[in-house]
Amino acid sequence: MFLSKYKLKWTLTILSAGQHKPEFNMLDPKLLRNEPEKAAELLARRGYKLDLALLESLEQERKQAQSDAQSLQTERNSRSKMIGKAKASGEDIAPLLAEIADLGDKHKAAETRLAEVLQKLTDVAMELPNIPQEDVPAGKSEDDNVEISRWGEPKSFSFEPKDHVDLGESLSGMDFETAAKISQARFVNLQGPLAKLHRALTQFMLDQHTEEHGYTETYVPYLVNSDSLRGTGQLPKFAEDLFAIKDTDLYLIPTAEVPVTNIVRDTISTAKQLPIKFVAHTPCFRSEAGSYGRDVRGLIRQHQFEKVELVQVVRPEDSDAAHEALTEHAETILQKLELPYRKVMLCIGDLGFSSSKTYDLEVWLPSQKTYREISSCSNFQDFQARRLQARWRNPETNKPELVHTLNGSGLAVGRTLLAVMENHQDEQGRIHIPEALRSYMGGQEFIGG
RNA sequence: GGAGAGUUGACAGAGCGGCCGAAUGUACUGGUCUUGAAAACCAGCGUAGGUUUAUCCCUACCCAGGGUUCGAAUCCCUGACUCUCCGCCA
């Protein structure tokens with residue numbers, strides 16, 4: 001019932017939104033118009049079937065409707081001008097008025113038809129995912145992701161390592177029952193040293209990115225409107241993943257990517273302002289609809305979690321290099337926390353809707369004896385920028401052109417907490433605090449015992 | 001929450017229902033002048049769509065959406081946002 005509420009709301013939102021922004025388009029409209037076959041082929045790589053026949057007929061309708069509406073407009077404008085002149089020179093304008101009696105209605109009808117076609121085109125366009133970059137490997141699911149590199153050696157324990165839930169219980173300070181009482185499942189209540197460790201991780205990450213990697217710290221709203229969510233690509237397709245605020249157009253952010261990237265929505269940056277590099281620490285809220293039964297134990301998959309997010313807005317020619325750099329910035333955190341991890345490139349089937357290329361960083365979890373995602377670093381190229389109308393003035397052309405946007409987790413704090421707990425536990429159930437965090441923990445060397 | 005004022009180009013800021021895509025100033029770009037710079041002077045300077053080889057031309061956009069009108073930046077309605085005052089509040 002909780003879900004159905006925002007499903008309804010979502011429908012209303014899309015209806016009202018579509019009407020005043022019919023020009024929304026997520027792929028390059030020139031590609032769709034001039035080379036629809038090529039667009040179809042590129043999208044087919046992702047398994048997306050572009051309905052070429054529909055697109056073509058809509059496109060033809062659009063052209064017709066647009067030129068009809070335009071010529072009627074021209075007609076009306078020139079007639080109206082004549083009436084103005086006639087009136088000014090004191091002539092009788094009644095016959096002129098009679099001549100164009102039905103022009104207004106015709107024009108209105110043409111405009112309505114145009115609006116309808118544009119709406120249909122927008123509906124199609126908004127559902128199209130981004131086109132993957134050429135070096136993104138083919139594949140259907142996460143099993144086809146390609147490992148790029150590994151860092152660190154998974155520790156071999158002389159005892160059976162506990163998972164973070166058991167560790168948290170014995171240390172006391174990680175309480176899922178209480179959180180469920182206060183709220184519902186998939187929330188946690190942290191207390192004492194573990195709560196402090198959680199905070200320390202956040203502070204450490206923020207300091208690292210601002211002081212060593214050149215990011216500007218930013219504080220943003222945690223409730224965002226639907227325009228912002230459309231801009232970064234969470235809407236219209238993924239409404240069910242979001243928590244919506246009843247009777248408003250606001251949603252809890254699923255990631256800081258949304259408010260931070262939307263800083264540049266509808267702006268034209270100067271060449272000098274780029275690259276823009278922001279880091280933000282925010283809570284993230286996700287309904288996790290459709291993930292019932294998955295990762296039900298512990299901190300892995302929560303409705304609310306903290307994340308330190310990196311966002312970059314760059315010139316198009318710089319986005320590949322920025323993507324590599326941003327990923328390294330996230331990797332640095334794992335290295336300093338002495339957490340073994342691997343870097344994988346997502347295959348096409350696992351690639352997010354808006355992304356052209358994504359690296360995931362997966363941290364080693366001794367309890368699961370496997371690598372689990374802790375950061376996702378994506379290059380969106382101009383996909384978000386087009387929806388956001390985020391541009392820069394290219395000095396070579398002196399025209400506003402779309403920027404490229406990127407983001408990555410640096411890192412997901414909850415998952416980092418559990419990774420630190422599990423990787424740095426000892427036989428007595430204590431957690432050894434990595435060197436890099438000690439100053440944030442008042443010099444403390446371990447928790448527990 | 002109540003009362004009032006406002007929203008115009010990169011910025012500041014004019015604008016009578018038709019001659020307003022929009023004065024003027026600043027900024028910016030190019031030029032003249034200068035040894036160079038500044039100043040001064042001249043010219044240019046929004047976005048998107050249609051047509052076009054290109055130029056031209058046409059259309060839309062003065063917060064958003066709707067309405068009145070032959071014709072709207074200008075009049076009316078709704079909403080968003082900003083400012084001032086009152087109330088409440090961390």
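Note that the structure is predicted; figures quoted are calculated from it, not measured.
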Participant: Using the C1' atoms only, state how far A27(B) lies from C11(B), rounded to an integer number of Å.
Facilitator: 7 Å
Participant: Taking atom C1' in both A72(B) and G18(B), what distance in whole Å separates the two?
Facilitator: 10 Å
Participant: What distance, rounded to whole Å, do you find between the two C1' atoms, one in G13(B) and one in U26(B)?
Facilitator: 11 Å
Participant: Generate the contact string for nucleotides 47-55 of chain B. Rules: B means base contact, S means sugar-phosphate contact only, - means no protein heavy atom under 4.0 Å.
Facilitator: S-BS-----
Participant: Return the 5'-most residue of the pair Arg79(A), Lys87(A) with respect to RNA chain B, ranking by each residue's nearest nucleotide.
Facilitator: Lys87(A)
Participant: Is any side-chain N or O of Asn77(A) closer than 4.0 Å to OP1 or OP2 of A60(B)?
Facilitator: yes
Participant: Mind checking the P distance from A3(B) to U74(B)? Whole angstroms is fine.
Facilitator: 25 Å
Participant: Can you run down the side chain to side chain donor-acceptor pair (under 3.5 Å) pairs that involve residues 185-195 of chain A, sequence neighbours left out, and say none if there aren't any?
Facilitator: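 Listed by first then second residue: Asn189(A)-Gln191(A).
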Participant: Please give the distance between the C1' atoms of C33(B) and A40(B) as a whole number of Å.
Facilitator: 9 Å
Participant: Give a yes or no on whether the backbone of Met126(A) and the side-chain of Arg387(A) come within a donor-acceptor separation of less than 3.5 Å.
Facilitator: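 Present.
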Participant: Convert the base pairs of RNA chain B into dot-bracket notation, remembering that pairs crossing earlier ones are written with [ ] and that bases paired across to another strand are shown as |; include only Watson-Crick or G-U pairs under 3.5 Å.
Facilitator: ((((((((.[[[..)..(.....]]].(((((.......))))).(((((......))))).[[[[[..)....]]]]])))))))....
Participant: Using the C1' atom on both, measure C28(B) against G46(B) and round to a whole Å.
Facilitator: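 Their C1' atoms lie roughly 13 Å apart.
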Participant: Inspect the contact between Lys399(A) and Glu401(A) and indicate whether a charged nitrogen and a carboxylate oxygen are less than 4.0 angstrom apart.
Facilitator: no
Participant: Relative to the 5' end of RNA chain B, which residue comes earlier, Ser80(A) or Gly104(A), by the nucleotide with the nearest heavy atom?
Facilitator: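 Nearest-nucleotide comparison on RNA chain B picks Ser80(A).
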Participant: Are Asp105(A) and Lys108(A) within salt-bridge range, i.e. N to O under 4.0 Å?
Facilitator: no
